[in-house]
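Note that the structure is a prediction, hence the values are computed from the model and not measured.
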Amino acid sequence: MQPLFQTTTMSQDSFPGRDFALKPEFSRGLSGILHWLLLIVLIGIWVWRRFMVHGQRHEPKLGLDRLKHEFRKIVLALCLCLSGTNLLLGLLSYFYWYKNGWFDLRSLVLILFDFGGRALAWLGLFGCLKFQGALKIQSLLKAWWGLSSLVTSYCLVVDVVDYRKLQTLPWPFLALDFVSGCVGLVLCYVGYAKKNELDDLDQREPLLNGNGSLSFNNGEDSTKTKPPFSTAGVFSLLSFAWVGPLIATGNEKIIDLKDVPQLDPTDSVSGIFPYFKSRLESRKGNEDGKITTFKLTKALVSSSKGELIFTGFLALVYTCASYVGPYLIDNFVQYLNGTHNYEYEGYVLALTFFVAKIVECLCQRQWMFRLQRIGVRIRADLITLIYNKGLTLSCKSKQGQTSGEIINYMTVDAERIGNFSWYLHDPWLVVLQVALALFLLYKNIGAAGMIAAFLVTLVLMGLNLPLGKVLQNFQEKLMKSKDKRMKATSEILRNMRILKLQGWEMKFLSRIIELRLSETGWLKRYLYSSSLVGFLFYGAPTFISVAAFGTCMHWGIPLQTGKILAALATFRILQEPIYNLPDTISMIIQSKVSLDRLSGFLRLDDLPSDVVERLPKHVSENAIEIIDGNFSWDASSANPTLEDINITVSHGMRVAVCGTVGSGKSSLLSCILGEMPKVSGTIKLSGTKVYVAQSPWIQSGKIQDNILFGKEMDKERYDMVLEVCSLKKDLEILSFGDQTVIGERGINLSGGQKQRIQIARALYQDADIYLFDDPFSAVDAHTGTHLFKECILGLLGSKTVIYVTHQVEFLPAADLILVMKGGRITQAGKYNDILNSGPDFIELVGAHNKALSTLDAFGSSTASDNSVITEDAKTASKEKDQSSKSEDSGLKAQLVQDEEREKGQVGFDVYWKYITTAYGGALVPFILIIHTLFQLLQIGSNYWMAWATPVSEDVAPPVTRVTLLAVYVGLAVGSSVCVLIRSLLTITAGYKTATLLFNKMHQCIFRAPMSFFDSTPSGRILNRASTDQSSVDLDIPFQVAGFVYSMIQLLGIIGVMSQVAWQVFIVFIPVIAVCVWYQRYYISAARELARLVGVCKAPVIQHFAETISGSMTIRSFDQGKRFEETNMTLMDGYSRPKFYVAAAMEWLCFRLDMLSSVTFAFSLVFLVSIPTGVISPSLAGLAVTYGLNLNMLQAWVIWNLCNLESKIISVERIFQYSNIDSEPPLFIEENHPDASWPSNGEIELRDLQVRYAPHMPLVLRGLTCTFRGGKKTGIVGRTGSGKSTLIQTLFRLVEPAAGQITIDGINISAIGLHDLRSRLSIIPQDPTMFEGTVRSNLDPLEEFTDEEIWEALDKCQLGDEVRKKEEKLDSPVSENGENWSMGQRQLVCLGRVLLKKSKVLVLDEATASVDTATDNLIQQTLRQHFTHSTVITIAHRITSVLDSDMVLLLDHGLIAEYDTPSKLLENKESAFAQLVAEYTARSNSGF
């Protein structure tokens, strides 16, 4: 036997001219000397530290110890692995290769010298880093790693030269030098390239460690429980054993968020976002400072570059390991055919196959997990960036970006970019895999076949460009249409109450369906185009193999079974990147579109920081100073919104701002806050400020948290604030007091309660400057008087206060009154000074005095001292209250509950419903049959090539070349056609299912009772309409199909292997059983983690939606940082289950891979062990070819199953909202009222009792009275007395718990909801406008002509305002009507009812947001046009109800008084008389 490692003499004889430096003896000797030197240095350092520097304090740890812990563990693992590998090769060299005569003694000594030095040096390095981490050897490490890389690269070059010339080097040496070189590069990266990251880490340490740490762990002490990933050892990291305890917990109980361990600091958004932000801002500094797609991408890559490089290294090793099988398969077939090159060759080949599989498994699992980890980081970074941007957007930018669109950036685009992490390395891996495949093809079928395969591959790759552009275009259009739908959905959910009151919900549902039709048009194009791409690339391996084999036959190149099987194995491995290529292209396109959209959003203008000059309180004697100020909401407009503003407000002054609707009062406060763009002038603000908005902004959460608003609890001040804001009585009524959870937008509070909580929030802050935007209009006269006295004049007596008000009676108390008209301050001064100095103020006061004259007509100017309810009334109230509490004891529960999530296994009925939704499941059998046929044709074509080609050159082929190629081409074309049909059928079924599920869910949501929207934050609904629907549209059909396809493919492989060696079932069956057990063990935890991902995402969306709507309040309180931190906390809560879902998946896949590798190894050993000739080498080779994919496919089946169960939860969540209890029917045919109903409009209440939910107390407690037809009835009462609840019951937003309401003798509960609501009209408490035009807001059902609309506008005093605008009736209305004032919005609502002309009209605080003059005009309009209608008015302005025919006074859900105003006023002790007295006293008083 010829020695494999030649001596020097032989080498010189063979190649006498070869340079000495290229001799393997020299390279081995040099390598050994350097490694032994390193070992001696390390021992010397250890001895010196141990015996010479004893007792001294350790120096700070070297850079490696301060690196992110995962890099430290990686370095330790690499050192240990290199040491073990060199030791193993050294032992093999002596005990195997030397014993078999492959080396002479001289060569053996050199090899042992080199391998021994390497093994001990790397082991010594491991020991130093592991146990002597404080050694200051950083310079030595860097020098060694650099030198080691150079020496290893040199050895590799010598090995390659020697191997190519002499074919004398055992390939493990070559492989070892290659791997050592790669390891050296990784270590150099850690030593050198991570220097910058070390500096960044130093800067970040105060944020992450020590006493100043930010806590983002939901109340858990992170010092007590360290994340398992942080503390895991090398072997635990490799095997994912660190996630085992969580999976075990999932088998014992249902996992909740508190069971999920915390994130490592390097994965927590608080740890990663500052680094990402610094990278983005450092790149923003270039060019124009704007964020481009390229800059954003670069910052994302830069923030995870370490992980990216490491995963790239793992992908490289994995790819190389995956080609070991195809490389050796020809040798294996020849061995089975009887050609033995050396003893135990079969076992060496089997061991090589097995080791390659283990390396492949380890690399792939770490690669996949770390890519998903990068995805979690990217997602967290982007969502945090979007949130922070949303908090600083300027008003103009917000008008162009609705909250629905911004939520889409968060729910869809950030998710998609995060998911792209899976595909990060695919583009360059495809190139590498194709290159390796071509090399193997060249080795097996020669240059001609390789060139043919390469050309076909190029053609297929070239088709990417046009197809990619088409897909990108469709994707962009799809995302834009999805944005429009989500924007509309968000707006509709926010205003569902008004839609139901008006009976418009079905009309707006049809709008959503229309938007969805536009979206699904692009979705259909995108999916079917993707199927064409899929067909081309699924068929690619077939096209390549036909071209390669056809070329070989044409040129007469002999094809043998081993080489054919090697080529087929190569094609099969090549299938994975080619199969994934369409997905990769699609994801690149989708991610590019999402990055473009995000960068466009991030480029939007922020609020300018230089509008207001902020000064400390004691620096200036003036609190607020505006000099020559001109401000405009639209910077491009020629006419500023506010002109020539000059104000000087000293510390402690009270300033009142008044004026008619749309005069610029709210805009003035906005410019002081810095919210309004400044055209010219200066603003100076001295001291801290807070702002109370006209429309209350309340966060969902506890009442106490809303009042504290981030400040520490000061019990004394807190109680004082509650007293001042008259909240104590309200809190006593609420079941949970100040711990009551408020629904979204304060849904379970009255308008007055929301306003008082908002005022309490401002008072608790103890700021220097207070800005109030007409907060007293939403409360009754008594409460308003109390608030003004105790709050403005009392608690804030020494503060600077600017208050906008329509109540003239509050003006005399001001030190300065600003009268506004047309964006200018027309008058300024004290009350008496300006009373006769101009017409504008006289007009306002005159309207007020006119209203007061009505009171004088009733003779109610007396009893001004009766400002409180009598003791008897108080006692009665307490008794009623106590009876209410006793009646409802035991029924306490919060309105807003935690989001419901299914628990336990996803039911089979969910899968069954999903696959049978489209066409009753008729397409499913055809898809299964076609894919089975595809698999049979694939196996058949490969079996044909293995059987029809000779095993070796001396065997005659059983068929002619023409027959061989013709049959193969026929089978290949058949399988490709099956792929196309299968894709089309899958997409057709998936598209139809998505459409049906969407329609059903939205039908159920729009038909849900109002209580559902009261108790369900819109974030939960938006999450289903956005993220879950996207999964159903684009992911789940392919997940279901992928599982079925992989299952059929696995059965095909088992069938092929069983044909060759049924004995493999001895191992295969128990291994499958263990795999199934593992899957069942894993799925309990994985399922609940996947559900937690969905549940934890809704709070992120909900918090963001609330932040967008309240951004002005948040900024005015300077609470931006706190809200950003809250978002980070919620984001970590979302990332935690996401991170552990990925880890748990890899935990399972690692174990499945190992088990399938054992199965494959057993089958190989069996094939090697049986005598030659017992089994056909061709069939055995075919079995091995398929077996190479066994572990991948087996893991793929389980992975698909688990991933499907995780993804199908989106379907489960959609089904949840497709089975909501519905409102009563819209129409009841047998009880269809006449077209003229109601003709009289008489409303009768009979023992009416109402509660909002079964577990909540009664709000109305037995009302019995009659509202006469054609008469006007006023309803008054304190805040929270049940006025608005009565109106909601009239419209059946809330169904009576007992009793009934009849209109003209018809029980309203017996007719259809649409029949009822369409015959009634209402002007609601919260004026609502929808994005669109003036026309669409007045007439959303498109029932009226332009002439009728103009007539209505003129009647409601808006005609002139609309005529000023260029587009007239088509003038744009932004989201929530934010480009119209609150009063103008209220007038638009009046215009709607004027168009509708109903017999029953309800006014729920309809004039709260307008000045007294406008109120008088509205009342006059209503009296003129609704003379014969039944009008029910709820008002806090007593003058609005004094001309009513009847007045109903409610107190704690009971009728306290019901009579004509004159009779009630005759009795000075009546509650109504006292209300009038309070209002009169307040109006006549100067406070």
By side chain to side chain donor-acceptor pair (under 3.5 Å) - contacts of [X] (at least two apart):
{"X": "S798", "value": "none"}
{"X": "Y409", "value": "Q401"}
{"X": "D705", "value": "none"}
{"X": "S650", "value": "none"}

For side chain to side chain contact (heavy atoms under 4.5 Å, CB included), just list the numbers for F772 and I802, CA-CA rounded to whole Å, side-chain angles, deciding distance to a tenth of an Å, and then say yes or no.
-> CA-CA 6 Å; F772 292 94; I802 298 182; over 6 Å; no
Where at least one partner belongs to residues 1108-1131, residue pairs that pass ring-ring contact (aromatic ring centres under 6.0 Å, His included), sequence neighbours excluded | F709-F1117, F709-F1123, H1103-F1123
Could you work out, with side-chain contact (heavy atoms from CB on, under 4.5 Å) as the rule, every residue matching [X], not counting sequence neighbours?
{"X": "D833", "result": "K830"}
{"X": "T392", "result": "K389, D606"}
{"X": "K480", "result": "none"}
{"X": "S394", "result": "K396, S397, D605, L607"}

Any chance you could lay out the salt bridge (Lys or Arg N to Asp or Glu O under 4.0 Å) test for D483 and R597, step after step, and finish with the verdict?
-> CA-CA 11 Å; D483 277 349; R597 284 158 49 82; 2.3 Å; yes
Listed once per pair and sorted, the salt bridge (charged side-chain N to carboxylate O under 4.0 Å, His left out) pairs that draw on residues 667-679, sequence neighbours left out = E675-R1115
Is the side chain of E613 donor-acceptor paired with the backbone N or O of I683 at a distance under 3.5 Å, no angle test?
-> no
Listed pairs under 3.5 Å, donor-acceptor, residues 815-823 side chains, sequence neighbours left out:
{"unit_1": "D815", "atom_1": "OD2", "unit_2": "R654", "atom_2": "N", "d": "2.9"}

Could you list the donor-acceptor pairs under 3.5 angstrom formed by side chains in residues 641-649, with sequence neighbours left out?
{"unit_1": "T641", "atom_1": "OG1", "unit_2": "W633", "atom_2": "N", "d": "3.1"}
{"unit_1": "E643", "atom_1": "OE1", "unit_2": "R824", "atom_2": "NH2", "d": "3.2"}
{"unit_1": "D644", "atom_1": "OD2", "unit_2": "R824", "atom_2": "NH1", "d": "2.9"}
{"unit_1": "N646", "atom_1": "OD1", "unit_2": "D628", "atom_2": "N", "d": "2.7"}

